[in-house]
Amino acid sequence: MPTTRPARTAHAHRALAGAVLLTLLTGCAATDGPAATGPATSGAAGALPAAHVHAVAVDPGDGALLLATHEGLVEVDDDGRLSPVGPVIDLMGFAVAGPDHYLASGHPGLRTDLPNPVGLIESTDGGVTWTPLSRAGESDFHALTALPGGGAIGYDGALRRTADGSTWEQLAVPAEPHTLTAAPDGAGVLATTAAGLMHSADAGTTWASVDGAPLLQVVTWSEDGSAAVGITPDGAVWTSTDPARSWQPQGQLDAAPHAVAATTTNGRLRVVAVTDDGLLESTDGGVSFTTLLST
């Protein structure tokens with residue numbers, strides 16, 4: 001297992017959809033035991049890791065494409081090869097807080113010296129090493145998003161928020177969140193739920209349903225906050241630029257989504273999604289996709 005980070009290369013319908021989303025939410029729960037001991041990179045080059053992918057992210061420092069899996073963090077090189085990064089940890093929750101700065105939660109591998117569950121852990125070296133911050137042995141945050149200044153919002157059966165990674169407060173949320181994503185300012189937060197898309201304008205203190213929004217399974221903000229991107233259980237891609245008040249349809253994926261990330265470069269929106277079919281990328285705002293890794 002690598003100890004250093006590899007070098008990087010450059011209404012009826014709604015009710016039915018809600019039932020599908022609820023099934024997907026309950027079906028993705030991990031066991032309470034430790035993660036496996038092996039690397040998350042089993043499979044041929046150009047193939048998605050065999051281990052379940054919980055999150056996809058792009059490091060804002062150098063643009064590295066990252067997969068948070070049941071067996072640890074993986075970097076996707078430009079040639080489609082997978083490079084494991086750091087120890088084997090079931091990264092149920094994963095969020096990028098800045099360049100080489102990540103937050104995570106989940107379960108340790110059998111040879112990883114972390115409590116189970118790990119609570120909130122932090123890496124400041126691009127995922128090579130992890131340090132427990134708080135709630136060790138208490139929390140497995142299946143939904144997790146970073147806030148400015150080292151804070152986070154997570155869901156471990158209750159919605160919790162921390163401003164410093166150490167001290168937590170419990171918040172109320174109308175429905176169980178599947179994914180959480182905070183805008184760069186930390187105030188605007190979106191949650192996908194079986195009851196519909198929820199929005200908070202005060203960092204999770206209060207919530208309201210987003211009228212007219214599609215029922216999204218996964219959602220994310222772009223790193224500059226200019227757009228939000230969401231995908232429905234049947235693979236329809238939607239975007240919002242106002243912020244998250246109105247949504248416009250874009251492309252259609254052929255499989256259910258597991259995770260989504262978005263970045264903007266020179267005003268162009270890039271969307272990366274993990275689905276049942278693999279890892280896909282769009283450079284035209286979610287209208288069309290190409291396959292980076294297949295299943």
Polar contact flag, side-chain donor to acceptor under 3.5 angstrom, [X]-[Y]:
X: Glu71; Y: His52; value: no
X: Gln250; Y: Thr239; value: yes
X: Thr192; Y: Thr179; value: yes
X: Ser226; Y: Asp224; value: yes
X: Thr205; Y: Arg161; value: yes
X: Asp276; Y: His258; value: yes
X: His107; Y: Asp140; value: yes
X: Trp238; Y: Thr232; value: no
X: Asp125; Y: Ser123; value: yes
X: Thr295; Y: Asp277; value: no

Side chains of [X] and [Y] in contact at under 4.5 Å (non-hydrogen atoms):
X: Val74; Y: Leu66; value: no
X: Val53; Y: His70; value: no
X: Val237; Y: Leu253; value: yes

Between the side chains of Arg270 and Glu281, is the shortest nitrogen-to-carboxylate-oxygen separation below 4.0 Å, so that they form an ion pair? yes
Give the intermediate values and the outcome of side chain to side chain contact (heavy atoms under 4.5 Å, CB included) for residues Met92 and Leu144. CA-CA 9 Å; Met92 291 297 302; Leu144 183 69; over 6 Å; no
How are the rings of Trp130 and Tyr102 set to each other: parallel, tilted or perpendicular (split at 30° and 60°)? tilted
Between [X] (side chain only) and [Y] (backbone N and O only), is there a donor and an acceptor less than 3.5 Å apart?
X: Asp202; Y: Thr206; result: yes
X: Ser240; Y: Ala228; result: no
X: Thr193; Y: Pro177; result: no
X: Asn266; Y: Arg268; result: no
X: Glu75; Y: Leu67; result: no

According to a 4.5 Å side-chain heavy-atom criterion applied to Ile, Leu, Val, Met, Phe, Trp and Tyr, with indirect links allowed, do Trp221 and Val210 form part of one hydrophobic cluster? yes
Looking at Thr162, Asp164, Val118, Leu120, which hits side chain to side chain contact (heavy atoms under 4.5 Å, CB included) with Leu133? Leu120
Quick check: are there more than 12 heavy atoms from other residues, nucleotides or ligands sitting under 6.0 Å from CG of Asp113? no
